[in-house]
Chemist: 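Pasting in a structure now, in structure tokens, and then I'll have a few things to ask.
Per chain, numbering begins at 1; letters A, B, ... match sequence-line order. No hydrogens, no waters, no symmetry mates; every other heavy atom, side chains included, goes into these values.
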There are 2 protein chains.
Amino acid sequence: MFGSLWSLPVSESRPRIIPEATVARLAVYLRVLAGLAGDGRSHVSSGELATAAGVNPAGLRKDLSYLGPCGVRGVGYSVSGLRERLTTALGGERSRPCVVVGLGRLGAALADYAGFASRGFEFVGLLDADPQRVGDCVGGCTVRPIADLESVVADTEAAIGVITTPAEVAQSVCDRLVAAGVRSILNFAPVALTVPPGVDVRKVDLSVELQVLAFLDQQRDGGRQPVTVPVHAGLGAQR
Amino acid sequence: MFGSLWSLPVSESRPRIIPEATVARLAVYLRVLAGLAGDGRSHVSSGELATAAGVNPAGLRKDLSYLGPCGVRGVGYSVSGLRERLTTALGGERSRPCVVVGLGRLGAALADYAGFASRGFEFVGLLDADPQRVGDCVGGCTVRPIADLESVVADTEAAIGVITTPAEVAQSVCDRLVAAGVRSILNFAPVALTVPPGVDVRKVDLSVELQVLAFLDQQRDGGRQPVTVPVHAGLGAQR
DNA sequence: AACCGCTTGTGAACGCAGGAACAAAGTCGC
DNA sequence: GCGACTTTGTTCCTGCGTTCACAAGCGGTT
């Protein structure tokens with residue numbers, strides 16, 4: 001692949017587009033590498049990394065190849081070197097301010113989770129509509145009323161918004177976050193959010209996860225459970 | 001007209017294999033339908049359902065076609081009929097007992113979430129290694145010591161295990177759950193679990209979600225796009 | 001200095017999901 | 001009763017992601 005095209009003065013050789021699925025796995029590799037570094041390992045092979053991350057070795061190498069040559073043939077990957085590379089590729093070590101809207105149990109759990117802080121995600125704004133929760137201190141930050149959303153986002157320059165509100169208000173909260181300047185949203189509310197172009201939304205739907213498991217469970221038990229599909233289920237237009 | 005192909009004695013028309021991605025979307029459709037039923041709607045078109053679920057109308061119809069003909073051409077889908085069919089396809093309405101291991105904030109949030117109970121997921125066993133948490137009552141269930149894992153799973157015939165423990169103990173907890181008879185596991189610990197064949201694992205990795213957002217954010221800032229689009233321009237990236 | 005084994009990086013093929021277009025089928029209006 | 005409109009169900013096609021397999025390169029050894 002190289003040779004013919006490289007004579008062209010391509011402005012950038014690195015920023016080949018990275019598939020989103022690959023990005024997600026890179027984050028996993030980075031975490032595994034952190035563990036290996038803690039164990040004092042200096043080098044690691046693709047096979048070992050792959051099993052620790054739960055993926056195929058060839059796929060792992062292809063994922064890493066998006067960053068350019070990272071390893072040494074015959075030896076493997078330098079743990080520290082690869083960590084550095086992955087860290088910068090995923091957005092650097094700089095602290096990323098986040099706001100959480102909806103400090104129910106789930107929101108509080110996220111705001112208090114230490115695993116985020118160690119990756120540079122800092123929860124600098126907590127917002128809730130319930131006056132009884134306002135003033136609570138969660139994870140070293142004080143809960144403020146939802147009316148302060150715009151000012152909190154502006155003051156903290158928050159880059160990521162986490163929505164853990166009831167479904168009914170999720171869209172309006174989302175709109176306000178976007179209007180205030182947040183361009184990345186992690187949505188736990190069970191609704192499909194509508195956002196303008198240029199804003200990224202990722203959705204985590206815990207009910208769906210459970211329901212998929214239930215489906216797989218049923219499918220496995222398929223021989224046992226005759227399903228009992230009512231013949232002629234009456235979907236016809238009875239109207 | 002009809003007859004040429006239809007005369008073939010196709011062995012089975014129903015149990016076509018359903019892709020897992022489709023199953024996940026079916027769960028979303030089911031939830032949207034519940035909302036529509038609450039609004040008193042009797043029929044709905046694929047277009048309306050698709051926008052509410054955040055997917056493509058053609059894709060939605062293809063998803064539903066895995067269940068066989070569900071709608072009426074020229075009219076749409078019967079809300080109640082489609083609900084019934086999706087419910088049975090996803091595993092029926094029967095209560096599915098679940099156990100949660102690790103009653104930290106996240107585990108407690110899950111155990112207490114009412115949205116699960118309404119879908120038939122019942123948390124019948126809560127386990128934690130911390131003696132200080134044992135005896136607590138979360139969501140109407142009492143936390144028991146981790147030593148009771150096997151007996152709790154056996155007594156409740158739990159089908160689904162939710163792991164919200166620290167990463168270090170997740171694999172051992174998983175092994176014990178599987179040995180006790182659990183065949184579906186939802187893992188929130190940031191490790192790749194190893195399970196024997198016949199056991200399904202789904203992983204939810206919140207750090208990865210944030211890190212993907214950070215990557216997209218960085219990639220967007222590569223072109224320095226001030227965005228400034230508070231205007232409700234249109235449908236953005238939905239994921 | 002040359003060989004050999006080990007590991008990476010990449011090219012190619014396969015399978016799958018997603019999207020658009022089209023035909024079948026049913027309803028509503030006249 | 002008939003025609004036109006609406007909406008589903010399906011088929012084709014394109015693109016992406018994943019896996020397999022092999023050549024290239026590096027270190028250690030003789």
Chemist: For B:Tyr66 and D:dT10, what is the distance between atoms OH and P respectively, to the nearest whole Å?
Modeler: 11 Å
Chemist: Where do B:Tyr77 and B:Ser45 come nearest, in terms of heavy atoms and distance?
Modeler: CD1-C, 4.5 Å
Chemist: How long is the line joining CD1 of A:Ile17 and P of D:dC16, in whole Å?
Modeler: 7 Å
Chemist: Using a heavy-atom distance cut-off of less than 4.0 Å, which residues of residues 42-58 of chain A contact DNA chain D?
Modeler: A:Asn56, A:Ala58
Chemist: Starting at atom OH of B:Tyr77, determine the distance to atom P of D:dT6, rounded to an integer number of angstrom.
Modeler: 18 Å
Chemist: Does A:Gly59 or A:Val75 map to a spot on DNA chain D nearer the 5' end, using the closest nucleotide for each?
Modeler: A:Gly59
Chemist: By nearest nucleotide on DNA chain C, pick out whichever of A:Leu64 and B:Asp63 is the more 5' one.
Modeler: A:Leu64
Chemist: Heavy-atom nearest nucleotide on DNA chain D for A:Val72 versus B:Lys62: which residue maps closer to 5'?
Modeler: B:Lys62
Chemist: What is the distance, rounded to the nearest whole Å, between atom CD of B:Glu20 and atom P of C:dC16?
Modeler: 13 Å
Chemist: Donor-acceptor pairs under 3.5 angstrom involving side-chain atoms of residues 160-168 of chain B: please list them, not counting sequence neighbours.
Modeler:
from: B:Thr164; atom 1: OG1; to: B:Val101; atom 2: O; distance (Å): 3.1
from: B:Thr164; atom 1: OG1; to: B:Gly102; atom 2: O; distance (Å): 2.5

Chemist: Any pair with a residue in residues 52-63 of chain B that passes salt bridge (Lys or Arg N to Asp or Glu O under 4.0 Å), sequence neighbours left out, goes on the list, sorted by first then second residue, please.
Modeler: B:Arg25-B:Asp63
Chemist: Compare the minimum distances between each of C:dG18, D:dT18, D:dG9 and the side chain of A:Arg25, then state the nucleotide with the smallest one.
Modeler: D:dT18
Chemist: Considering only heavy atoms from C-beta outward, does the side chain of B:Val178 approach that of B:Ile185 to under 4.5 Å?
Modeler: yes
Chemist: Using residues 207-215 of chain A as the side-chain source, report each donor-acceptor pair under 3.5 Å to any protein atom, sequence neighbours left out, with the distance given to one decimal.
Modeler:
from: A:Glu209; atom 1: OE1; to: B:Arg202; atom 2: NE; distance (Å): 2.6
from: A:Glu209; atom 1: OE1; to: B:Arg202; atom 2: NH2; distance (Å): 3.4

Chemist: Whole Å only: how far is the CZ atom of A:Arg61 from the P atom of D:dG25?
Modeler: 16 Å
Chemist: Going by the rule salt bridge (charged side-chain N to carboxylate O under 4.0 Å, His left out), which residues pair with B:Glu48 if we only count those two or more places apart in sequence or in a different chain?
Modeler: B:Arg41
Chemist: On the side chain of B:Arg73, is there an atom forming a donor-acceptor pair with the base of D:dT8 - under 3.5 Å, no angle test?
Modeler: yes
Chemist: What is the distance, to the nearest angstrom, from the CG atom on A:Leu67 to the P atom on C:dT8?
Modeler: 15 Å
Chemist: Can you list every pair that meets salt bridge (Lys or Arg N to Asp or Glu O under 4.0 Å) and has a residue in residues 188-199 of chain B, with sequence neighbours left out?
Modeler: none
Chemist: Which whole-number value in Å describes the distance from B:Ile18 CD1 to C:dG18 P?
Modeler: 14 Å
